[in-house]
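As structure tokens, the structure follows; a few thoughts come after it.
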Amino acid sequence: MNWRFWSSTVRIGQVPPEEEEPFLHIVCQSFNIDLNLARPYFYDDPYYAHNQRLALWIEENGRWRMVSVLTAVPLQMWLGERVVAGVGVAGVATHPLYRRRGYAGQLLQGAIRIFADQAVPMAVLQAFEPNFYRRHGWETVGTLTRLRIEPSRLTPYPIEGVRRAEVSDYAAMVALHQQVVPVRTGMLVRHSLRWDYLLWNFRNKWVYVADNQVEGYLVHDFLEGGWVLRVRELVWRTERARQALLGWLARNIDNVRHIEFAGTLPELYALGIVPLSQQRSQSDEPLMRYEVGAGFMARPILPLPLVQSLLDQRPVPNGFVPFGLTVSDKVRRFTETLWFTESAGQLRVVADAGAGVQVRIPLEVLAQMVFGTLPATEICWRRRIALPETIASVLDTLFPAREPCLRPMDSF
């Protein structure tokens with residue numbers, strides 16, 4: 001077996017083909033998934049040949065036993081107007097008999113070293129326990145706003161033209177998404193493999209067709225034993241498509257208790273579902289209640305390539321003076337200085353020593369800056385870092401505030 005990292009009692013590395021079944025067993029045991037139902041999803045996944053399955057083994061009675069696992073999904077993510085390559089970490093799990101011994105944390109740290117060797121600039125994940133991941137160098141970079149509403153509170157628009165999507169509709173759905181959905185920070189690039197996965201993985205797909213054209217589509221799944229219909233994605237090109245798809249959701253009154261929408265607040269408001277006519281007993285009673293979750297976390301792995309991919313060939317901002325950012329990774333005990341310089345009016349970020357002021361920032365702060373979670377000036381006001389005003393102003397220009405969000409359709 002090709003171990004990447006090991007000690008006398010612990011080994012971390014890629015899962016060989018002959019141990020994929022034990023890997024799957026641990027995942028199913030940890031997340032309470034039926035093994036027989038999970039097996040076809042595991043082996044038939046379009047990403048099956050592309051995913052990295054990593055595990056931690058311990059030496060026990062003269063044999064090596066797999067006890068902790070994770071999956072690394074290759075992806076490309078939009079950060080502002082640029083695309084950054086990375087991995088999505090999913091399915092972090094430890095065998096129930098071996099929990100609370102630090103094995104998952106050791107596996108995460110070993111995985112980061114493997115990604116660094118593979119020249120992966122960053123990793124992202126959806127965290128159920130943010131504090132656990134924060135101890136290993138991850139930081140929250142975005143939120144997801146959820147809204148649950150009873151089907152009866154949706155407007156029952158006419159649904160003529162809504163039907164289940166067929167394979168022959170897939171190309172039109174892809175084209176519609178490319179046509180009307182703007183690029184947003186946190187969105188994954190939907191190359192052909194990503195679309196193959198989405199159209200294979202989500203069984204409930206509906207389209208609105210008018211004049212022989214697909215003008216909108218809806219993708220959904222179910223939560224809480226089928227009582228919650230979760231909208232994964234709702235896309236429309238025309239107002240009649242928006243109304244018809246919402247009208248179809250409204251007609252689920254006998255099937256589910258709630259419809260769940262998710263995204264940023266502006267995206268949810270754009271759905272047009274705020275019930276202004278809802279009867280209320282008090283004038284200050286809220287029309288709706290939103291839940292904001294903060295499980296979208298990121299971890300820079302190679303700071304220099306990450307920042308270069310975002311800033312290469314950008315014009316030098318006003319007031320620019322050369323400076324260095326020394327990024328410290330306390331978990332990996334790693335420090336790297338990124339020098340921001342100028343060449344022929346273009347910004348350059350290099351590793352070799354340059355001239356200018358040099359300031360230090362933690363890895364977690366870099367994560368929030370590059371995603372646009374918080375501008376540098378705001379981070380300074382919160383006393384997480386101290387930067388000269390001129391450098392903070394330049395960083396605000398280079399890494400403007402955004403609304404990072406990992407939407408349901410982009411889960412991995």
Subject >> Straight-line distance of Arg101 CZ to Leu56 CG, nearest 0.5 Å >> reply: 12.0 Å
Original post:
Is there a side-chain contact between Val370 and Pro300, using heavy atoms and a 4.5 Å cut-off?
Top reply: no
Subject >> Rounded distance [0.5 Å steps], CG in Leu366 versus CD in Glu364 >> reply: 9.5 Å
**OP:** Could you go through the side chain to side chain donor-acceptor pair (under 3.5 Å) check for Glu215 and Thr238 one step at a time?
**Re:** CA-CA 6 Å; Glu215 295 186 0; Thr238 62; 2.6 Å; yes
Subject >> Ser328 side chain to Arg333 side chain, donor-acceptor N/O pair below 3.5 angstrom >> reply: no
Subject >> Sub-4.5 Å side-chain heavy-atom contact between Val124 and Leu406 >> reply: no
**OP:** Indicate yes or no for a side-chain donor-acceptor contact from Arg113 to the backbone of Gln109 under 3.5 Å, with no hydrogens or angles considered.
**Re:** no
**OP:** Answer yes or no: does atom OH of Tyr43 have more than 12 heavy-atom neighbours from other residues, nucleotides or ligands under 6.0 Å?
**Re:** yes
**OP:** Show your reasoning for whether side-chain contact (heavy atoms from CB on, under 4.5 Å) applies to Ile12 and Leu54.
**Re:** CA-CA 7 Å; Ile12 298 172; Leu54 304 178; 5.6 Å; no
Original post:
Do the side chains of Phe261 and Ile273 get nearer than 4.5 Å, heavy atoms only?
Top reply: yes
Original post:
When you look at Leu245 and Leu234, which way does the side-chain contact (heavy atoms from CB on, under 4.5 Å) test go after all the steps?
Top reply: CA-CA 8 Å; Leu245 293 170; Leu234 178 57; 3.4 Å; yes
**OP:** Indicate whether the side chain of Thr264 and that of Glu403 have a donor and an acceptor atom separated by less than 3.5 Å.
**Re:** no
Original post:
Just checking, is any N or O donor in the side chain of Arg242 or Tyr208 under 3.5 Å from an acceptor N or O on the other one?
Top reply: no
**OP:** For the residue pair Met297 and Pro130, establish whether any side-chain heavy-atom pair is separated by less than 4.5 Å.
**Re:** yes
Original post:
Does Gln179 CD have over 12 foreign heavy atoms under 6.0 Å away?
Top reply: yes
Original post:
More than 12 heavy atoms of other residues, nucleotides or ligands under 6.0 Å from CZ of Arg203: is that the case?
Top reply: yes
**OP:** Determine the interplanar angle of the Phe202 and Tyr197 rings, folded into 0 to 90°, and report it as parallel if under 30°, tilted if 30 to 60°, perpendicular if over 60°.
**Re:** perpendicular
Subject >> Leu218/Trp248 under side-chain contact (heavy atoms from CB on, under 4.5 Å): CA gap, chis, key distance, verdict >> reply: CA-CA 10 Å; Leu218 165 70; Trp248 181 88; 3.7 Å; yes
**OP:** Using a strict 4.0 Å threshold on nitrogen-to-oxygen distance, state whether Glu267 and Arg407 make a salt bridge.
**Re:** yes
**OP:** Give the minimum heavy-atom separation between Glu20 and Val15, together with the two atoms involved.
**Re:** N-CG1, 4.0 Å
Original post:
Looking at Gly137 and Leu363, what are the two nearest heavy atoms and their distance?
Top reply: O-CD2, 4.1 Å
Original post:
Given side chains that start at C-beta, do those of Ser30 and Val69 come closer than 4.5 Å, heavy atoms only?
Top reply: no
Subject >> cation_pi(Arg332, Phe334) dist<6.0 Å, angle<=45 >> reply: yes
**OP:** Without swapping roles, check the side chain of Thr71 against the backbone of Val89 for a donor-acceptor pair under 3.5 Å.
**Re:** no
Original post:
Got a donor-acceptor contact below 3.5 angstrom from the Ser393 side chain to the Glu389 backbone?
Top reply: no
Original post:
CG of Leu325 to CG of Leu304: how many Å apart, nearest 0.5 Å?
Top reply: 11.5 Å
**OP:** Run the salt-bridge test on Glu21 and Arg39 with the 4.0 Å N-O cut-off and return the result as yes or no.
**Re:** yes
Original post:
Which distance, rounded to the nearest 0.5 Å, do you find between the CD of Gln358 and the CH2 of Trp339?
Top reply: 4.5 Å
Original post:
If we ignore angles and hydrogens, is there a donor and acceptor under 3.5 Å between the side chains of Arg232 and Ser411?
Top reply: yes
**OP:** Identify the two heavy atoms, one from Val84 and one from Ser309, that lie closest to each other, and give their separation to 0.1 Å.
**Re:** CG2-OG, 3.6 Å
**OP:** Measure from the ring center of Tyr41 to the ring center of Trp200 and say whether it is less than 6.0 Å.
**Re:** yes
**OP:** For residues Met66 and Ile26, report the shortest heavy-atom separation together with the two atoms involved.
**Re:** O-CD1, 3.5 Å
Original post:
Any idea how His177 and Trp195 line up, ring-wise: parallel (<30°), tilted (30 to 60°), or perpendicular (>60°)?
Top reply: perpendicular
Subject >> N/O donor-acceptor pair under 3.5 Å between Arg360 side chain and Ile385 backbone >> reply: no
Original post:
Judged by atom type as modelled, is there a donor-acceptor pair below 3.5 Å linking the side chain of Thr397 to the main-chain atoms of Pro317?
Top reply: no
Original post:
Please walk me through it: do Arg148 and Ile259 pass side-chain contact (heavy atoms from CB on, under 4.5 Å)?
Top reply: CA-CA 5 Å; Arg148 286 192 176 185; Ile259 308 292; over 6 Å; no
Subject >> Ion pair check, Lys205 and Asp221, cut-off under 4.0 Å >> reply: no
Original post:
Step by step, would you call Arg348 with Gln313 a side chain to side chain donor-acceptor pair (under 3.5 Å)?
Top reply: CA-CA 7 Å; Arg348 295 186 63 224; Gln313 298 183 347; over 6 Å; no
Original post:
Does the Asp396 side chain pair with the main chain of Ala376, one donor and one acceptor, at a distance under 3.5 Å?
Top reply: yes
Subject >> Flag for Arg230-His220: side-chain donor and acceptor within less than 3.5 Å >> reply: no
Original post:
With the threshold set at 4.0 Å, does a side-chain nitrogen-carboxylate oxygen contact exist between Glu378 and Arg383?
Top reply: no
**OP:** State whether the side chain of His95 and the backbone N or O of Leu97 hold a donor-acceptor pair below 3.5 Å, judged by distance alone.
**Re:** yes
**OP:** Work out which heavy atom in Arg135 is nearest to a heavy atom in Val331; give both atom names and the distance.
**Re:** O-CG2, 3.6 Å
Original post:
Does a donor on one side chain sit under 3.5 Å from an acceptor on the other, for Tyr133 and Glu139?
Top reply: no
Original post:
Where the side chain of Glu336 meets the backbone of Val327, is there a donor-acceptor pair that is under 3.5 Å apart?
Top reply: no
**OP:** Rounded to the nearest 0.5 Å, what's the gap from CG on Asp44 to CG on Asn201? Could you check?
**Re:** 11.5 Å
Subject >> Ion pair Glu150/Arg257, N-O distance below 4.0 Å >> reply: no
Subject >> Audit row: Trp57, Glu19, side chain to side chain donor-acceptor pair (under 3.5 Å) steps and yes/no >> reply: CA-CA 11 Å; Trp57 291 259; Glu19 291 203 57; 3.1 Å; yes
Subject >> Sidechain-backbone polar pair: Arg53 side chain, Tyr48 backbone, donor-acceptor under 3.5 Å >> reply: yes
Original post:
Just how far is it from atom CD1 of Ile379 to atom CG of Leu387, taken to the nearest 0.5 Å?
Top reply: 8.5 Å
**OP:** Would you tell me whether Gln243 and Glu239 have side-chain atoms, one donor and one acceptor, within less than 3.5 Å of each other?
**Re:** yes
Subject >> is_close_aromatic(Phe371, Phe296), centroid dist under 6.0 Å >> reply: yes
Original post:
Within a radius of less than 6.0 Å around CG of Asn318, do more than 12 heavy atoms belonging to other residues, nucleotides or ligands occur?
Top reply: no
Original post:
Any sub-3.5 Å donor-acceptor pair from Thr373's side-chain atoms to Val141's backbone N or O?
Top reply: yes
Original post:
Nearest heavy-atom pair of Ala244 and Ile159: which atoms, and what distance?
Top reply: O-CG2, 3.6 Å
